[in-house]
Amino acid sequence: MRIGIPRVLLFYRYYPMWKAFFEALGLEVVPSSITNKEIVDISVEKSVSEACIPIKLVYGHILDLKDKVDFIFLPRIVGLEYRTYMCPKFIGIPDMIRNASLDIPPIIDPTIDKRNSLTGFFKSFLELGRLFTKNSLKIIQAYTEGLKALKSYNEELRRGITPLDILDGKNYGGEDFNIKIGIVGHCYEIYDEFISGGMIKILNRLGVKVLSMEMIDWRAILREANVLPKKLFWTFGRELYGTARYFIRKGLVDGIIMVVAFGCGPDSLVRELIERDLTKPINFPEITITIDEHSSELGLITRLEAFVDMLIRRKQYEDNLSSVW
Amino acid sequence: MKITYPPFGDARIAIESFLRDFGHEVIPPPPSTNRTLSIGVKYAPEFACLPLKITLGNYIESIEKGADTILMLGGIGPCRFGYYAEVQRRILKDLGYDMDWIVLDLSNGWMNLFRSIKKIVNGNSVIKVIKALRLAWEKVLALDKIEKISRKARPFERYKGEVDNIVRETHKKLDQAGSISQVRQVLSEYRETMDSIIDEDSLEELVKIGIVGEFYVVLDHFTNFEIARRLGELGVWAENAFYIEDIVRIYLPLFRNKDIEERTRVALPYIKRSVGGEGQRTVAHTIEFAERGFDGVIHLSPFTCMPEIVAEGILERVSKDYDIPVLTLSIDEQTGLAGITTRIEAFIDMLKTKKRRRMAG
Ligand code: SF4
Ligand code: SF4
């Protein structure tokens, strides 16, 4: 039996785990194609026009899998930590897909809700495994395999290897350049090169070392975010805020690029917090890149170049200052 | 302490009533206008949802009138509402307005909630508090009835604006009413007047539309371009899926009752769990209107509202399954009245033709 996994949303965070889990249960795992023009076009046609591009792309990736698999895995991810939520669209996406008249194989949409349980993912995966086998032991083994895969994936990410490197077998983040930029955005925006317009590679060509959230210890990020008097209740929001604060406070980067999907609900507020609390008061260099299905690569390159130029000039100025002193 | 609050629709009258009864100096937010909106738009994040922008404008206009304290609700997501106060607080602070915020928010712990409630209660005795709350609640119920009846009456008004005038007068009296019996008196006078306008025998011939969507835009007349009035003037009987009472029951746990959950149950085959805001309810209410034999549904959604985008993605199927036309109107500061009117009129025309055909055959 073949199970399809669309290359969207938390794919970039959990794919190795899901793959190991399903394979241990004896399924063949088929990821959807890397986002291409065709997927984008059909996504735009089939989805609600007001949805953000990451949600739109789910439609296209599901259709990409349509004739290749027996089931499609599209979990309903409600929350990943105590008293936090994912964005409402994450919670509703399986229902949106199911009701969209797409004529697709059955959707498997286990609810993943880690908010109130100590057992973590385990309960969701146990239920998920039951769909394919009655043997609980086998499910537990598969789950352990999944966790192992996730652990080594995360270790690689921590070492500064991006999901792109792992997919392409190259190294985009590792080399030491003079200018360092922290990218603050969701994994499914940054690492889907269609959405992000290949931002990381462009920056690399411009001689910039790129840092992203995946390279920092998750707990350290959350600690940064917990300084807020009212904690953010979106996991992503906390991660974005925490990452930005970590980058700035530890002096790891010369500037920050915020990547925001057009019409993204949570980020409209989180971005405001980052600006008002973190960057504006100290004049920290920052730009926001808004992305949607119409974004042009040319426009992106121009903006990135201008930003990098500014950082270089700023750095030279600071170096001059310090040599004078 | 000069206290103000975010108004939504007619609820302002009830909120003002109990704050006043607690002995606060109340600065009621001036009625929302285009100025309110443009102030809000100027200072709020570009992609924030419309209610955040308008209420920000309301606060600033209240501050201009001397307010120094803001009463607001908080909470935990998944939609943005629970974080409004945090963002608005920062914006006002950066503008130089250091406001005292009373945020009723359980997620900051019981102690904080208790402290906020104490500030509102303002040293009043338990009996006085209960009395004030009962009166405010009676006003809420009355406001809802006034609104519901006005929807029925407008298609029959004898001159344009007749119903609005009566409603306005009644609201004034309601605002002044100091006891439950006075509230009831005001309401029964209103009923009598309206009964003389409504032509009960022709009610069934009217096109009936249900209004569903995000609560603020459904209940706030300014935000929704006074859609109820416009529909009434087009000879349509428009009912809301919910009124102020329902929203109080949904968002204040103290008032919660089982009906709220019961009502969402019909949506489960389409949307398995709540996605925050009104998302799941919007689907449920659309089905409810279809089952009650309404001719169509208008779905109001603030631009970028996440729960309503999920709902919109599902309503297409519901509309087919239940054979009920649904018009989604997404509203933000760029939405022009002209565009909305054209779309509504086309929708109504379609429904009228459909209804005529059905009644004929
Ligand atoms: S968090 Fe933002 S980008 Fe992600 S699904 Fe929600 S609205 Fe879209
Ligand atoms: S329900 Fe929609 S409009 Fe209301 S706060 Fe949530 S996201 Fe904003």
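Note on naming: letters A, B, ... go to the chains in the order of the sequence lines (proteins, then strands), and numbering restarts at 1 for each one. Nothing here was measured: the structure is a model prediction, and the numbers come from that model.
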V275(B) versus P88(A), closest heavy-atom pair with distance =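 Result for this residue pair: O-CB, 3.1 Å.
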For the student: nearest non-hydrogen atoms of S268(A) and P45(B), plus distance =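 Closest heavy-atom pair between S268(A) and P45(B): O-CB, 3.5 Å.
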Looking at side-chain heavy atoms only, is the closest gap between [X] and [Y] below 4.5 Å?
{"X": "E316(B)", "Y": "N99(A)", "answer": "no"}
{"X": "P266(A)", "Y": "M306(B)", "answer": "yes"}
{"X": "E272(A)", "Y": "E46(B)", "answer": "no"}
{"X": "R80(B)", "Y": "F233(A)", "answer": "no"}

Quick check on [X] against chain B: is it the side chain, the backbone, both or neither that has a heavy atom closer than 4.5 Å?
{"X": "K280(A)", "answer": "neither"}
{"X": "D267(A)", "answer": "neither"}
{"X": "E50(A)", "answer": "both"}
{"X": "I97(A)", "answer": "neither"}
{"X": "R271(A)", "answer": "neither"}
{"X": "V260(A)", "answer": "neither"}

Option that, when pairs with chain B are counted at under 4.5 Å, heavy atom only, ranks first among G263(A), A51(A), G92(A) | G263(A)
Among the options I55(A), V78(A), D109(A), pick out the one with the most heavy-atom pairs lying under 4.5 Å from chain B.
->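 Top option by heavy-atom pairs under 4.5 Å: V78(A).
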Tell me, with the steps shown, if Y85(A) and I76(B) meet side chain to side chain contact (heavy atoms under 4.5 Å, CB included).
-> CA-CA 8 Å; Y85(A) 280 96; I76(B) 290 189; 3.7 Å; yes
Looking at chain A, which one of [options] has the largest number of heavy-atom pairs inside 4.5 Å, strictly under?
{"options": "G82(B), G313(B), G277(B), A311(B)", "value": "G82(B)"}
{"options": "Q280(B), E312(B), E308(B), K93(B)", "value": "E312(B)"}
{"options": "V87(B), D94(B), I91(B)", "value": "I91(B)"}
{"options": "C49(B), S274(B), G75(B)", "value": "G75(B)"}

Say you draw a straight line from CG of L228(A) to CD of E86(B); how long is it, rounded to the nearest 0.5 Å?
-> 8.0 Å
Value for CG (D113(A)) from CZ (R273(B)), rounded to nearest 0.5 Å, stands at 6.0 Å
Ignoring hydrogens and geometry, is there a side-chain-to-backbone donor-acceptor pair from K272(B) to P94(A) under 3.5 Å?
-> no
Do side-chain atoms of Y83(B) reach the backbone of K230(A) as a donor and acceptor pair under 3.5 angstrom?
-> yes
Can you label the angle between the F262(A) ring and the F47(B) ring as parallel, tilted or perpendicular, going by 30° and 60°?
->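 Taking F47(B) first and then F262(A), their aromatic rings stand perpendicular (interplane angle over 60°).
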Go through the atoms of D105(B) and report whether side chain, backbone, both or neither lie under 4.5 Å from a heavy atom of chain A.
->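 Contact with chain A involves the side chain of D105(B) alone.
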